[in-house]
Undergrad: 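Here it is, the structure in full.
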2 protein chains.
Amino acid sequence: MSPEPQKGRAPSIRDVARLADVSHQTVSRVLNGHPSIRDETRQRVLDAMEALKYRPNRAARALVTSRSRTIGVLSATTGEYGPSSSIAAIEDAAREAGYFVNTANLAASTPAAIVDALKHLVLQDVEGLIVMAPQVRVFDVLAGMAMDIPYVSLQSTGQSDHRALAVDQIAGARAATQHLIDLGHHEIVHLAGPQDWIEAEARMRGFLDAIIDADLRTHPPILGDWTADFGYYAGRELSRYRDFSAVFAANDLMAIGLMHAFRDAGLDVPHDVSVVGFDDIPVAQHVSPPLTTVHQEFREVGRRAVALLLGELRGEPVSQSEEIVPALVVRGSSGPVHAALVHY
Amino acid sequence: MSPEPQKGRAPSIRDVARLADVSHQTVSRVLNGHPSIRDETRQRVLDAMEALKYRPNRAARALVTSRSRTIGVLSATTGEYGPSSSIAAIEDAAREAGYFVNTANLAASTPAAIVDALKHLVLQDVEGLIVMAPQVRVFDVLAGMAMDIPYVSLQSTGQSDHRALAVDQIAGARAATQHLIDLGHHEIVHLAGPQDWIEAEARMRGFLDAIIDADLRTHPPILGDWTADFGYYAGRELSRYRDFSAVFAANDLMAIGLMHAFRDAGLDVPHDVSVVGFDDIPVAQHVSPPLTTVHQEFREVGRRAVALLLGELRGEPVSQSEEIVPALVVRGSSGPVHAALVHY
DNA sequence: CTTTTCCATGTGAACGTGAACATCCGAACG
DNA sequence: CGTTCGGATGTTCACGTTCACATGGAAAAG
């Protein structure tokens with residue numbers, strides 16, 4: 001037999017108090033882990049909560065504490081592996097910390113769309129923000145809206161802005177480029193991401209650093225949009241010129257599209273052209289040839305972002321953990337330069 | 001000069017009321033679009049809200065209405081394109097309808113993990129649930145928890161359970177299989193998904209239906225886990241037997257892994273083996289050979305799920321929209337059967 | 001033995017909003 | 001011209017929780 005045939009209304013803290021024969025405040029204390037509660041009393045309250053199937057009312061709590069226990073994620077993904085994994089990891093980590101996550105997706109990267117998404121998150125009363133979107137623009141908009149919400153950015157240029165997570169994209173890109181140089185390539189093209197993404201900018205920087213250090217000719221980078229389709233398009237254009245022996249693409253999807261175009265153009269990867277990507281998405285090792293790329297720990301990045309943000313929310317000294325340096329994974333898409341092509 | 005130097009507390013409905021020289025209730029009426037408000041009054045209130053930069057307090061509203069305006073998404077993804085896109089679309093649609101979305105990700109598909117995720121969503125006071133996870137188990141758990149939250153499932157077996165979204169996965173799988181049969185294949189293997197996913201079950205059903213209708217030999221299906229790595233593993237095993245001329249994989253990732261394994265084993269796709277996938281993820285057309293697959297409209301599915309759920313929340317008659325029938329996309333990975341292999 | 005302190009608990013108020021009911025006023029109706 | 005009605009607005013209360021403060025008693029300190 002059930003203890004009480006709930007009469008419409010959900011049991012509140014006061015119902016529990018009545019059943020446990022204490023004041024509602026004592027129940028509240030049990031709920032919040034207040035130290036000054038006798039064990040026996042606490043147990044009685046817990047039993048009563050169990051009996052009534054009591055569940056705290058989040059809205060009431062949020063109202064009085066003016067804390068929503070919710071963090072917002074501003075993303076701009078259409079389902080790509082990287083951001084999606086990070087978001088999933090963010091949710092896991094937040095859940096573990098007792099926080100909720102609300103994601104707003106950018107339909108476009110126009111200021112209007114950004115304002116829209118931010119307004120939605122603000123309406124939701126998020127306590128903090130994790131930004132995984134064209135950061136440059138987002139920061140502009142954020143500044144313009146004069147909001148004082150703590151935020152954390154998912155990727156950085158390596159210069160430790162305290163609110164940015166330190167993933168050394170520059171080092172990763174540099175390693176990828178150096179790998180090509182070590183293989184003997186002198187004419188390397190960079191297929192970059194949209195330049196309003198900090199990641200894209202950082203990867204280009206790393207690429208240029210390596211090129212300049214090796215005193216090689218710099219080809220003008222191609223500005224892409226992260227998609228495999230664009231990679232294919234770029235590959236078609238590139239194969240008309242063939243004044244290069246390797247391409248470093250700013251992400252795997254573009255690299256895969258690129259390889260497709262080269263294949264269609266009769267170019268062999270890696271014999272005629274070497275290709276290196278960035279991200280190490282799960283299919284990267286299964287395409288033909290398996291893609292040499294830079295491995296990113298997306299889940300780890302998500303976890304750290306949450307840790308960083310929650311730390312800031314608690315007012316803790318921002319303990320920047322060690323930088324994550326993404327690791328180069330050499331597979332079949334990159335190989336030694338082929339003499340015939342070097343002298344174009 | 002700013003109207004009022006906000007003294008700590010955010011402006012409330014009463015502050016607006018004072019400034020507009022009306023009662024707080026009038027402000028509330030303006031907020032909720034009550035009809036009986038004089039235009040002049042409404043304007044005065046709106047001006048006051050603007051001047052104070054008033055923003056309604058969600059918690060207070062939720063407390064008094066006991067409606068959170070939040071829907072929950074139970075997902076089980078590690079960043080795959082399909083579910084991720086659907087989730088993004090769900091967020092967009094929900095936002096447009098003034099709802100918030102809270103996603104809980106399943107760490108594992110164990111009952112404990114499911115209970116965990118559901119509890120989190122319930123704590124968040126979600127008004128309804130969209131399930132994109134091993135539905136079979138989730139439904140069991142849901143039943144066991146005796147929760148009366150309306151929910152909608154993202155994919156169905158085709159039999160219109162009123163709470164399930166009608167994507168005719170069976171028809172899609174059938175079309176894929178029939179395509180192989182039409183090409184002359186008689187020995188077709190199915191690389192299935194985990195059987196506690198309704199999608200996996202449906203795709204296998206469609207496969208079997210086509211096979212049986214064509215009176216072909218049924219190979220025992222291989223039960224996979226949706227990942228490319230598993231596809232590769234399965235491909236390695238399969239290439240040891242070679243008593244088949246085509247494989248229908250339950251999703252593209254597994255299909256791509258499969259092709260990789262066949263390549264490694266010296267089998268040519270599609271000459272020696274035809275491969276068909278399911279989903280049409282963005283890389284599908286860029287792998288080598290481009291993958292024949294069944295195209296799914298993930299975003300549309302997400303949108304419809306929201307529409308269905310919100311309809312149910314409003315108590316509207318469940319207007320099941322037309323079924324979505326995914327479309328076969330023929331590319332290079334499938335071709336006519338090669339005689340030498342038919343007689344294995 | 002008195003005073004202080006601290007622990008365990010209770011009391012009342014406040015958070016910002018919407019619902020129910022009350023009130024006022026002018027128009028329509030008889 | 002009185003009565004009724006409904007539109008426009010105001011008043012009061014409730015939602016479920018936490019916070020600030022109060023209280024009583026026992027232990028510690030003098």
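Chain A is the first sequence line, chain B the second, and so forth, proteins listed ahead of strands; every chain is numbered from 1.
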Undergrad: Contact between B:Leu74 and B:Val138 at the side-chain level, heavy atoms closer than 4.5 Å - yes or no?
TA: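 They are in contact (side-chain heavy atoms under 4.5 Å apart), so the answer is yes.
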Undergrad: Mind checking whether A:Asn57 and A:Ser12 have side chains closer than 4.5 Å, heavy atoms only?
TA: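 A side-chain contact under 4.5 Å is absent here.
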Undergrad: Enumerate the protein-to-nucleotides 8-10 of chain C contacts in which both atoms are nitrogen or oxygen and the separation is below 3.5 Å.
TA:
unit_1: C:dT9; atom_1: OP1; unit_2: A:Arg38; atom_2: NE; d: 3.3
unit_1: C:dT9; atom_1: OP1; unit_2: A:Arg38; atom_2: NH2; d: 3.1
unit_1: C:dT9; atom_1: OP1; unit_2: A:Thr41; atom_2: OG1; d: 2.4
unit_1: C:dT9; atom_1: OP2; unit_2: A:Arg38; atom_2: N; d: 2.9
unit_1: C:dT9; atom_1: O4; unit_2: A:Arg29; atom_2: NH2; d: 3.3
unit_1: C:dG10; atom_1: OP1; unit_2: A:Ser23; atom_2: N; d: 3.4
unit_1: C:dG10; atom_1: OP2; unit_2: A:Ser23; atom_2: N; d: 2.7
unit_1: C:dG10; atom_1: OP2; unit_2: A:Ser23; atom_2: OG; d: 2.9
unit_1: C:dG10; atom_1: OP2; unit_2: A:Thr26; atom_2: OG1; d: 2.4
unit_1: C:dG10; atom_1: N7; unit_2: A:Arg29; atom_2: NH1; d: 3.3
unit_1: C:dG10; atom_1: O6; unit_2: A:Arg29; atom_2: NH2; d: 2.7

Undergrad: Is the backbone of B:Ser84 close enough, under 3.5 Å, to the side chain of A:Ser84 for a donor and an acceptor to pair up by distance?
TA: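 Side chain of A:Ser84 to backbone of B:Ser84: no pair is present.
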Undergrad: Measure the shortest side-chain to side-chain distance between A:Ser86 and A:Met132 over non-hydrogen atoms and say whether it is less than 4.5 angstrom.
TA: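 They are in side-chain contact.
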Undergrad: Could you work out how much the helix from C:dC1-D:dG30 to C:dG30-D:dC1 bends, comparing the axis of its first five pairs with that of its last five, to 10°?
TA: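 Helix axis angle between the two ends: 40°.
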Undergrad: Atom CZ of A:Arg9 to atom C1' of D:dG16: distance rounded to whole Å?
TA: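 Atom-to-atom, A:Arg9 to D:dG16, this comes out as 10 Å.
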Undergrad: Tell me: CG of A:Asp39 to P of C:dC7, nearest whole Å?
TA: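 My rounded result for the distance is 15 Å.
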Undergrad: Can you tell if the side chain of A:Pro150 reaches within under 4.5 Å of the side chain of A:Leu313, non-hydrogen atoms only?
TA: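 Yes, their side chains come closer than 4.5 Å.
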Undergrad: Can you sort out which residues in residues 54-63 of chain B have a heavy atom within less than 4.0 Å of DNA chain C? Ascending by number, please.
TA: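 Residues of residues 54-63 of chain B that come under 4.0 Å of DNA chain C are, in numerical order, B:Tyr54, B:Pro56, B:Asn57, B:Ala60, B:Arg61, B:Leu63.
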Undergrad: Tell me: CZ of A:Arg14 to P of C:dA13, nearest whole Å?
TA: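 Rounded to the whole Å, the gap is 12 Å.
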Undergrad: Could you tell me whether the side chain of B:Glu127 and the main chain of B:Ile71 form a donor-acceptor pair under 3.5 Å?
TA: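 No: the side chain of B:Glu127 does not pair with the backbone of B:Ile71.
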Undergrad: Atom CZ in B:Arg42, atom CG in B:Asp47: separation rounded to 0.5 Å?
TA: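 Going from the CZ atom of B:Arg42 to the CG atom of B:Asp47 covers 12.5 Å.
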Undergrad: So which atom in A:Thr78 and which in B:Ser85 form the shortest heavy-atom distance, rounded to 0.1 Å?
TA: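 Between these two residues, the closest heavy atoms are O-OG, 3.4 Å.
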Undergrad: CG of B:Asp125 versus P of D:dT17: gap in Å, rounded?
TA: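 Between P of D:dT17 and CG of B:Asp125: 10 Å.
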Undergrad: Tell me whether A:Arg303 forms a cation-pi arrangement with A:Phe298, defined as NZ or CZ under 6.0 Å from the six-membered ring centre and within 45 degrees of its axis.
TA: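 Not satisfied by the 6.0 Å and 45° rule.
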Undergrad: Please answer whether the main-chain N or O of B:Ala20 pairs with a side-chain N or O of B:Arg44 as donor and acceptor at a distance below 3.5 Å.
TA: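 A pair under 3.5 Å: yes.
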